[in-house]
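Notes follow the structure.
Every value quoted in this text rests on a predicted model; they were computed, and no experiment measured them. By convention in this document, chain letters (A, B, ...) are assigned in the order of the sequence lines, proteins followed by strands, and residues within each chain are numbered from 1.
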Amino acid sequence: MAKGSGIIERSLLQDDQIMEEDNLVMDGIDISGRWNTMLKTRVHSERDLDSWDDVRASAIGESIDNCIQCGMCTAGCTVAHEVPGFNPRQFIYWVRVGRKDDLIKNADIIWRCVGCYICTNHCPKEVNTAEVIESIGQWLRKQVPEKMDQAYLANHEAYRHQLETYGRLSLPRLQAEFLSKLGRQKELFGPDLRQAAIRMLKDGRALKTLLIGRPRHWNRSRSVLMESGQT
Amino acid sequence: MQTAYFPGCSLKTIDRAYDVSTRVIAQDLGMTLVDVEDYSCCGAGELKGEGLKSHFLPARNLAHLINQGETEVMVSCNVCYHELSRTAYAVKQGGVHLDQIQSMLKAADEPQILEQPTVRNTLEYLVNVIGLDEIAKRVRVPLTGLRVAPYYGCLYQRPAKMLSSVQIAGEDTEHPHFMHDLMAALGATVVEHRAETTCCGGKNLLSDEKISGRLTGRILSTAKSSGADVLALMCPKCAGGLDALQFRAIGTVGESAQLPVMYYTQLIGIAFGHRPEELHVGDMESDAMGLIRQFLSEPAIR
Ligand code: SF4
Ligand code: SF4
């Protein structure tokens, strides 16, 4: 049997949080089997509250302090049902108690939030949970970009670059930039996308896309978007 | 009746089917749509990580709306609807965020937001402002016998407190029903399938192929196994995963995810007697065209 398989909501726990031996005798008593499943004691000796400071200071993360850790967000979360270890309630907890190591260890999981806002809708304390999770993801992107998924980074950068440069989104152009950032340009000419491209050339949608243009005096808006500072 | 309208980038380009069908039915219903001038992208949900700056693009559009002398705007795309509503909500909250939004607009030489804008979703607008009776009166080709599975996705009803569909129109956040009601008014058989508001994973459509394949696969196969002929959509981002990249869903869960997908506005257009070509039904990657042709040519299934 897999480690900790008797635990309810097992997928919400990390493997290394669970202690379980095949055979265990303590003080002369054999406690092999289910009774020797234990969770590691967590000792908060090292707190690093950077994440908390940053998240609550950001416009999208400022509601984090309303959280009462009730878990409604995780209960309804789309991704919690798909990705083991994805647990918005716990991410908020880690941020607030300064468990930077846990956040970083899960950098490749936290970004997988799909922004469905079920959590925000269910939260009884008016936490905008979806945006708090986004804010935590952004914090990680800035702290440990090397730990983040390449596709996530490419997606983020491609969107930002397209929006800043053109002020309007051309999806084929976005997809081309995304794929080339990952060195996957070839897929643009692969069977799936090529077929769609040919169809769009024929039916006039490709032309519409090319002619999308920019908003008037876009340069000024562009510099506002590119200015660093406010978060 | 004049109505301000915000189509947004994808409706202006590859999702023209949604834009054209919205315009066609609006005209039938006696509405005159006036586009928000000099539009920019709404941010597509992708700039939220930039914090306050994520309000800049929606605010720019809302400022243009107010500048045009309108305070209410109708939006078909659910992502634009969400982004514009989110910023309109920030405007309503006022305070320091609003000040910062206004100063960003000023720095960009754009007009200020001088009145409270109201953002309305086309679906909710059709049901509540135009009315189901009016819509039913225009039906020339009842969709009798066509089994339609309504699919709302996320952003039409979540987060509730920012959205007019819930706040003004009283849509149910857990079990929305305006599209159900609308399809019934067209004579269609409405299929309940319990994936009406499940997320398609659209935000990570490009970056997280595995999850998006699983989520879209589940929605399509749930609708299909509930007996649907077609899934009715209201969001171009959902269309990306459920229609354009349906092959990925099929690759993940199998043939059970193969299902024609259309915008609900196209179905209204068909019921109003328009030809499928006029509504760009052929733009859909799934075989919506085949289904509609068959439906129109075989009175037996009606
Ligand atoms: S639902 Fe709200 S209060 Fe409850 S744990 Fe999640 S964020 Fe915190
Ligand atoms: S927005 Fe993200 S964290 Fe919230 S329920 Fe959806 S996937 Fe989960």
Is it the backbone or the side chain of [X] that comes under 4.5 Å from a heavy atom of chain B, or both, or neither?
| X | result |
| --- | --- |
| A/Trp139 | neither |
| A/Leu225 | both |
| A/Asn219 | neither |
| A/Ile118 | both |
| A/Leu171 | side chain |
| A/Glu131 | side chain |
| A/Arg141 | side chain |

Sidechain N-carboxylate O distance under 4.0 Å for [X], [Y]:
| X | Y | answer |
| --- | --- | --- |
| B/Lys53 | A/Glu164 | no |
| A/Arg222 | A/Glu227 | no |
| A/Arg10 | A/Asp15 | yes |
| B/Asp283 | B/Arg16 | yes |

Chain A heavy atoms under 4.5 Å from [X]: which part of the residue, side chain, backbone, both or neither?
| X | value |
| --- | --- |
| B/Leu105 | neither |
| B/Lys48 | both |
| B/Glu209 | side chain |
| B/Arg248 | neither |
| B/Leu57 | side chain |

Choice from [options] maximising heavy atom contacts with chain B below 4.5 Å:
| options | result |
| --- | --- |
| A/Gly115, A/Ser223, A/Gly61, A/Cys113 | A/Cys113 |
| A/Leu163, A/Thr120, A/Asn128 | A/Leu163 |
| A/His156, A/Glu62, A/His81, A/Gln162 | A/Glu62 |
| A/Glu126, A/Arg160, A/Met200 | A/Arg160 |
| A/Gln138, A/Gln195, A/Arg168, A/Arg112 | A/Arg168 |

Write out, in numerical order, the residues from residues 35-47 of chain B with a heavy atom short of 4.5 Å from a heavy atom in chain A.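 If one takes a 4.5 Å heavy-atom cut-off, the residues of residues 35-47 of chain B near chain A are B/Asp38, B/Tyr39, B/Ser40, B/Cys41, B/Gly43, B/Ala44, B/Glu46, B/Leu47.
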Would you confirm whether [X], through its side chain, and [Y], through its main-chain N or O, come within 3.5 Å as a donor-acceptor pair?
| X | Y | answer |
| --- | --- | --- |
| B/Asn67 | B/Pro111 | no |
| B/Gln102 | B/Leu98 | no |
| A/Arg96 | A/Ile64 | yes |
| B/Gln112 | B/Ala63 | no |
| A/Thr209 | B/Thr13 | no |
| A/Trp111 | A/Glu134 | no |

Steps toward ring pair (Phe, Tyr, Trp, His ring centres under 6.0 Å) verdict (A/Phe91, A/Phe86): CA-CA 8 Å; A/Phe91 303 155; A/Phe86 190 94; 5.2 Å; yes
Heavy atoms only: give me the nearest B/Phe6-B/Cys80 pair and the separation to one decimal.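 Of all heavy-atom pairs spanning B/Phe6 and B/Cys80, the closest is CE2-SG, 3.7 Å.
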Sub-6.0 Å ring centroid separation between A/Tyr117 and B/His82: yes
Side-chain donor/acceptor pairs under 3.5 Å, residues 144-151 of chain A, sequence neighbours excluded:
| unit_1 | atom_1 | unit_2 | atom_2 | d |
| --- | --- | --- | --- | --- |
| A/Asp149 | OD1 | A/Ala151 | N | 2.8 |
| A/Asp149 | OD1 | A/Tyr152 | N | 3.3 |

